[in-house]
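The structure appears below as structure tokens.
In this chain, residues are counted from 1 in sequence order.
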Amino acid sequence: MGYVEEMESLSQAIRYDDHGGEPTVDFYTSWLTEHPSALDAFGQMMSAAKGKYIVVFLDYDGTLSRIVQEPDKAFMTGKMRSAVDEVARCFPTAIISGRSRDKVYDFVKLDNIYYAGSHGMDISTPSGSSKYSYHKHQTRTTDAKGIEYVNFRPAFEFLPTIAKIVKLLKEETKGIKGAVVEDNTFCISVHYRSVKEEEVDTLKGMVETLMKNYKNFRISGGKKVMEIRPKIDWNKGRALQYLLDTPGFGSSTDVLPIYIGDDKTDEDAFEAIRRIGRGFPIVVSSTPKETKALYSLRDPSEVKSFLSCLAAWRKDT
């Protein structure tokens, strides 16, 4: 039985109470039989990782930082930054976020990891992917320090339209107190965490009505947010695969990707790992949810603990 099949067989396990043989009402406990804690299963996971080349992929909001009322204040803790830094010193590490690439870098402030913003539609690496060497969206650039990078931006043609939509959305929603329209370069986030419950449907209606004029864009849901993205065949799963084809990550059968994320857009990355047939997709959630992840962590504090364990394991081995 393969590794993925072993993990999937756990879904057959159901916890019963001590009296009537009936399923317990503790849905989270039951859910954990299908998506066991990555901390509890750490030893088993690392046994499967022996002889493999681990690479680490991380979401940002809800994974490295807690979800907060004001999106611009989603700061990670100093201890989390240290844990990410330590892991990046041990394994190739990338953050794939829905935020703009510049914005997530401003939050993380580490130079030893790769960054992919806009749900993977804005990737920057030192050398780019070998499979996209002649792709029109993979271009070389030099930063202010004279360091050369390769950017991959598959939604580049949509930038003028995105700028127009951002302007219209801000104008349309300015009467809804608490609504935040966030320009994430190649996608747009409309946050309603601070909107009164009775006004949420009104806000959603405004956004959906406006976007009917833009057939090349789609709306998806998240945690108190509407995500607006171009309709292109690209997502966090494709970004993960792009990075695996980048020198420094490696694309051999010895590579073992770990992806940790908490939201719907991370499901594409979980699915990509399952298609690869090896690796550890880990969902961050303290409540039962439908997911393609094989393992779970409750919250960012457990993510920090897992990353610390991973770095310590690397040093010991």
> In this structure, are over 12 heavy atoms from other groups packed under 6.0 Å from Lys224 atom NZ?
Replying inline: no

>> Let me check something: do Met121 and Val166 share a hydrophobic cluster, defined by ILVMFWY side-chain heavy atoms less than 4.5 Å apart, either directly or through other members?
In response: yes

> Could you give all pairs that pass the side chain to side chain donor-acceptor pair (under 3.5 Å) test and reach residues 308-317, with sequence neighbours left out?
Replying inline: Glu86-Lys315

> Any side-chain donor-acceptor pair under 3.5 Å between Ser124 and Asn151?
Replying inline: yes

> Backbone N or O of Val108 within a donor-acceptor pair of the Arg81 side chain at under 3.5 Å?
Replying inline: yes

>> Looking at Glu290, I want to see if its CD is surrounded by more than 12 non-hydrogen atoms of other residues, nucleotides or ligands under 6.0 Å.
In response: no

> Is Arg99 close enough and on-axis enough to Tyr105, meaning under 6.0 Å and within 45°, for cation-pi?
Replying inline: no

> Any luck finding a side-chain donor-acceptor pair between Tyr242 and Gln138 under 3.5 Å?
Replying inline: yes

>> Could you tell me if Asp299 and Ser286 have a donor-acceptor pair between their side chains, going purely by distance under 3.5 Å?
In response: no

>> Side chains of Glu70 and His191 only: does a donor on one sit below 3.5 Å from an acceptor on the other?
In response: no

>> Counting neighbours of NZ on Lys223 that are heavy atoms of other residues, nucleotides or ligands and sit closer than 6.0 Å, is the number greater than 12?
In response: yes

>> What I want to check is whether the side chains of Ser194 and Gln69 have a donor and an acceptor closer together than 3.5 Å.
In response: yes

